[in-house]
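The block underneath contains the structure these notes are about, expressed in C-alpha cells.
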Amino acid sequence: MDAMNREPGGAVRRVETHPFNGQKPGTSGLRKSVREFSQPHYLENFIQAIFNTLGAEVRGTLVLGGDGRYGNRDAIQRILRLAAANGFQRVVVGRGGILSTPAASCLIRKLEADGGIILSASHNPGGADGDFGVKFNGANGGPASERVTAAIHRESGVLDHYLTCDSAALELDRDGCHDLCGMQVDVVDPVADYADLLETLFDFDALREMLGGGRFRMRFDAMHAVTGPYAREILERRLGAAQGTVMNGEPLEDFGGGHPDPNLAHARDLVDLMNGNDPPAFGAASDGDGDRSMVLGRGGYINPCDSLAVLAANAHLVRGYGDLAGVARSMPTSRAVDRVAEARKLPCYETPTGWKFFGNLLDDGRITLCGEESFGTGSSHVREKDGLWAVLFWLNIIAVRRQPARAILREHWRQFGRDYFTRHDYEGVDSVDAEALMASLRERLAGLPGQAYGEETVECADDFAYEDPVDGSVSQGQGIRLYFKSGARAVFRLSGTGTAGATLRLYCERYERDPTLLELDTQRTLAPVLGAAAAIAGIEAHTGRTAPDVIT
Ligand code: G16
C-alpha cells in the first residue's frame, strides 16, 4: 500500500432507492438496453443486490472489468464507489476498464478473489442505442449459479437503499495502486496473466515456428471488441504472426457499429476474406467479451459442435490436455462430442444452456473440456468459455498434425461420422406468442410419439430437466426435445440473452455415417427435420414467421 496514490476519501453515503422490475439475470447475467440501464439508481440497485446476496462477511477482493462497450468506464467508477462503501478491501480493475470474460475468470482464480463483476452484454450490439450488461462471477471464476442469480433477483426486488461514497473519478488508463474511500484499487494489465496462462497450456515454440515463419497465414477478427489487445499480444507479439494478423483490433464503444457475434452472418469481413482470392489458411473471430469464437478453415467454417468434438479427439496432442477427465456439452449442442467420448471411454455430460452449468463439473474434476453450439468452448483452465483459447487449441493441433483445419475435420467425420447441425433463430418475436408456442408444445408432448410429419416420425419427446450430479440441484424446463425415428433430433427453447421481445431457437441435427454422404449441404440435409419441427411447433401459426432471421 506504500506506493498507493491516495485520494481524499469521502464518507459512506446511504442513498434511498426503489426496486426495479425485471432485474432478473438471464442465461448470462443481467442484459438490458443502455436506455434501461441509464435510469437513475438502476445500476447501483443491481450491484447492491449482488453485494447483499454475497453477505457482509464476503468483503475481500473483487475483480472488475468489461468489454469496453458504451457505459463501461462510467459503470466502473460507480461500482468502485459502491464496493468501497460496502467495505470491500480491494478491487482489481483491468487497465482502461478492459477485461475479457475469460481473462476476468483467470484473474479471479489467480488472486483467489471473492468474485468478479464483468460488464458486458456479450455479442449484443453496443453504443448508446445498444445493450449493456452485468455478470457476477463467484470465487471459482465462473458465472454465479442459478441459486445465486435467483437470490440476487429477489434482493433487487426488495432493496430500499444502496451505499456509495464520494470520490473523484479514478485514473483507469495507467497501471497503479490507489486508495478510494479507504479501499485499495489496483489498475492492472488486463492481458498479461491471461496470456501467461495460455502459454502454459499450448506449445508456443511449435506455434511460433508455424506462425512466425510466414509459411502459415491466418487472420483473427476481433470485431472491434475486447479481444483485440489479447490477440495482438498473443498472436502477433508472443507468437510472431505477421502484423495485421489481427483485424478490427481496436476495442470501440460501439464495436464500430457492428454486431460482435462471431458467426457467418455477422463476421462478414472475415468471411469475405476467407471466401476471396488467395485466402489465409485459417481464420477466426471472437465476440464482444472474448468468450466465444468462430473458426474457419480454407474452404469452409467449422461448426462449434464439430469443433468441440475435434478438440476432444485431438487433446492428447496438446501439452496441457494429455489426460481428459471427461467432457460436457449443453443439451442443444450436437452429439458429435458424445461419439468421441464413447470411443475414448470418457464420461460425457449433457447440461442446460449456460456456462454456469459446467462450473460444478469442472470444480469437481469430472470434466476437462466443454462447449456449446453458441460458439463457446472452454476447459478447466478458467471457469468461462474462452474464444482465444479455442483458436490456440486449433492452431496447436494444426501445428502438430501439419494438416489444414478442413482436412482435420474431414478425417474426424470419416472416423466418427458426422452430426449435421444447424440452428434457426426467430428474433424479436412477441414474447406472449413465443411463450404460447412453448406452452403448446409442452401440453402436447405425450401425444407426439408416433406422429409422422413428411419423412420424419416422432419417436419420443420431452422437456429437458437437469439434475446437477455434484450438488443435486434440479433445473426444469430447459428446452423441448423431439427425437425422430430416423435418429434426427430437434430442440426448441427461448433465448435467455436477448433484450427485446423473445428469440425462438430451433436446433436440428442428424447423424450420418455413410462415408459418401459426409459433405452434403447442411440446410438441404436437415430440411426434412426442420420442416417436421416447424410443423409440430406451429411456428408460422404462433409467430407469423415463415423463415428464421439468422441461421448458423
Ligand atoms: C451466454 C451463455 C452461454 C449460452 C449463450 C446463449 O453466452 O454464457 O452459455 O450458450 O449465452 O444463450 P441463449 O441461447 O439463452 O441466448 P454469452 O456469450 O452471450 O455470454
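As the structure lists them, so they are numbered: ligands from 1, and atoms in each ligand from 1.
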Inset, instruction - Heavy-atom cut-off of under 4.0 Å around ligand 1: list whichever protein residues fall inside it, by chain and number. - result: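 Residues within 4.0 Å of ligand 1: Thr27, Ser28, Arg31, Ser122, His123, Asp287, Asp291, Arg292, Thr353, Gly354, Trp355, Glu372, Ser374, Lys385, Arg493, Ser495, Gly496, Thr497, Arg505.
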Legend entry - Glu509/Arg489 ion pair, N-O < 4.0 Å: yes
Inset, instruction - Inspect the contact between Arg329 and Glu350 and indicate whether a charged nitrogen and a carboxylate oxygen are less than 4.0 angstrom apart. - result: yes
Inset, instruction - Flag the pair Ile480 / Val491 as yes when at least one side-chain heavy-atom distance between them is below 4.5 Å, and no otherwise. - result: no
Legend entry - Donor-acceptor side-chain pairing of Ser122 and Asp289 below 3.5 angstrom: yes
Inset, instruction - State whether a side-chain donor-acceptor pair under 3.5 Å links Tyr194 with Asp386. - result: yes
Inset, instruction - Kindly indicate, with the supporting measurements, whether the criterion side-chain hydrogen bond (donor to acceptor under 3.5 Å, both in side chains) is fulfilled by Asn248 and Asp269. - result: CA-CA 9 Å; Asn248 301 322; Asp269 288 354; 3.2 Å; yes
